[in-house]
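Here the structure is laid out as structure tokens; the discussion comes afterwards.
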Amino acid sequence: MTNNTGDQTAPHPFPIPRSCPFSAPDAYADLHAKAPVSRVLLPTGRPAWVVTGYQEVRALLADPRISADIRHPNFPALTEGEQEVGARTRPFIRMDPPEHTRFRRMLLAEMTVRKARRMRRSIQRIVDERIDEMLDGGPPVDLVTQFAHTVSSTVMCELVGIPRSDPWFRRVTGTLGSQVFGGGASTAEVASEGIGALSDVMDKVVSDRETRLGEDLLSRLIVEQLKEGKVTRQELITTIAILIVAGWETTTNQIALSVLALLENPHLIEELRQDHTRLPAAVEELLRVLSVGDSIALRTATEDIEIGGQVIPAGDGIIPLLAAANHDSAVFPDSRQIDFERQGRQHVAFSYGIHQCVGQNIARLELGIAIGTLLDRVPTLRSVAPLQEIRFRHEGIAFGPEQVLVTW
Ligand code: HEM
């Protein structure tokens, strides 16, 4: 066992860009070959620990001695300013129990497999309408902004109870779009500010909804939580904003990157065409291999934690790398290979432990419908530019392509 004072190697700068967009950065395997836990230097100048082993990532994320509280002095923020914005807005993803549990429970009942299945028809309609628009508007069209973003933002709005016909729909989706597509890269700081901007819009949406309650998620939370005094108005607004942002940016990137990965591997598209029942396994494998939310799970040790033969001292920042875990060759042999036969459900693309993604049932459904329907309805779909000319967002909340021009 070693401790940090005995570690003489210079810490690796982090984040580490991917060399192949469809896999974890090569350096993760190099770091992992030396040890499952390594020291890195963040862009803020702070050191932190990254965890690269599958077993170690799961053990750590299930360990009650870690904190997700963004106010912790050594919270491993990935950009300047992110911590200050987070400490102000207090998103529940960056809280610990019992605070975190209160907000998570509020949403969990709305996110069950059964509730997600009830959204099947509306997600199918949303995807079909977006494909109609795409077909009318092109070719070429940008798969990221004109399909992945529009599908995922519309699904998130519909989930909350702001359908396309709602007067607030355009304000909400416009706020989301301008955060990422207006200003270039989506850094964690931009995303945190986005939650602030979205909260301002949601404030007005809540006021409006209070005057015309319906059967939707937002109305239920107003009646069951706000009016019962279980949450404050600001807490409700921030929780809804977090839900929308968390479900939108990840899914946008996962849809766009999945389609691009499939277009680069036409034999996989053929496999899906021949047997539609493989779609859920394909979604699972694409979640694993692409791991778009690699470094979303940011933590701090609240006590000394021994993991992978290393003692992480109390107070140090830790980043369990989800892409590294999903490419740990001891669990996923030949991990870069996209293989729909793989039993990939034990991947950690949705994280693990008490912060594991609450929207995963909806995400799985949405990904399957979006990818499956697009390939079915546009069988000649192909990327205009060669892969090496496509630019990717490496330092965002979620990894994904900036733009993918497609034709058919
Ligand atoms: C491909 C799609 C998605 C991916 C890869 C993804 C990934 C993740 C990850 C890695 C976390 C855990 C962060 C941590 O451990 O600190 C998380 C949390 C969360 N996700 Fe997702 N997510 C996706 C889709 C969604 C959707 C569709 C929704 C909403 C319907 C959603 C809502 C949330 C929320 C609210 C949290 C915070 C949970 C908590 O802190 O308790 N996500 N997601």
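Along the sequence shown, residues are numbered consecutively beginning with 1. Remember, predicted model here, so these are calculated numbers, not experimental data. Below, all heavy atoms of this structure are taken into account, side chains as well, without hydrogens, waters or symmetry copies. Numbering of ligands and ligand atoms starts at 1, following listing order.
Using a 4.0 Å cut-off between heavy atoms, L61 makes no contact with ligand 1 at all. Residue-level proximity to ligand 1 for M156 is carried by the side chain, the only part with a heavy atom below 4.0 angstrom. Residue V155 does not touch ligand 1, judged by heavy-atom distances below 4.0 Å. When non-hydrogen atoms are compared, ligand 1 lies under 4.0 Å from neither the backbone nor the side chain of M119. Counting heavy atoms under 4.0 Å from ligand 1, residue S152 does not touch it at all. The backbone and the side chain of H355 each have at least one atom closer than 4.0 Å to an atom of ligand 1 (non-hydrogen atoms only).
Looking only at atom types and distance, the side chain of S335 has no donor-acceptor partner in the side chain of R342 under 3.5 Å away. A donor-acceptor contact closer than 3.5 angstrom is absent between the side chains of D294 and S291. Counting only N and O atoms by type, the side chains of S67 and T302 include no donor and acceptor under 3.5 Å apart. At a cut-off of 3.5 Å, with distance as the only test, no side-chain donor of D30 or H12 sits close to an acceptor on the other residue.
Take atom 21 (Fe) of ligand 1 and draw a sphere of radius 2.8 Å; the protein N/O/S atoms inside it number 1.
Listed by number with element, the atoms of ligand 1 under 4.0 angstrom from any heavy atom of I354 are 41 (O). Taking a cut-off of under 4.0 Å to the non-hydrogen atoms of A297, the atoms of ligand 1 that pass are 14 (C), 15 (O), 16 (O). Residue-ligand proximity, L159 to ligand 1, at heavy-atom distances under 4.0 Å covers atoms 30 (C). Near A349, the atoms of ligand 1 lying under 4.0 angstrom from a non-hydrogen atom of the residue are 5 (C), 7 (C), 10 (C). Near L243, with a cut-off below 4.0 Å to any heavy atom, the atoms of ligand 1 are 29 (C). Taking every non-hydrogen atom of Q254 and a distance limit under 4.0 Å, the qualifying atoms of ligand 1 come out as 1 (C).
The residues E284 and R364 are annotated as salt-bridged, a charged nitrogen and a carboxylate oxygen being separated by less than 4.0 angstrom. With respect to the salt-bridge test (charged N to carboxylate O, under 4.0 angstrom), the residues E366 and R130 do not qualify.
Taking the six-membered ring where tryptophan is involved, the planes of F14 and Y28 are essentially parallel, since the angle between them stays under 30° and well short of 60°. Ring-plane geometry between F392 and F399 is classed as parallel, the angle between the planes falling under 30 degrees on a 0 to 90 degree scale with a further cut at 60.
Below 3.5 Å of separation, one finds an N or O of R104 facing an N or O of ligand 1.
Within the cation-pi definition used here (under 6.0 Å to the ring centroid, within 45° of the axis), R94 does not qualify as a partner of F75.
Each of I16, L31, I318, L42 was checked for a side-chain contact (heavy atoms from CB on, under 4.5 Å) with V50, and the lone residue meeting it is L31. The residue from L221, D216, I240 that alone fulfils the side-chain contact (heavy atoms from CB on, under 4.5 Å) condition with V160 is I240.
Separation of atoms CG (L243) and CD1 (I362) is listed at 7.5 Å; rounding is to 0.5 Å.
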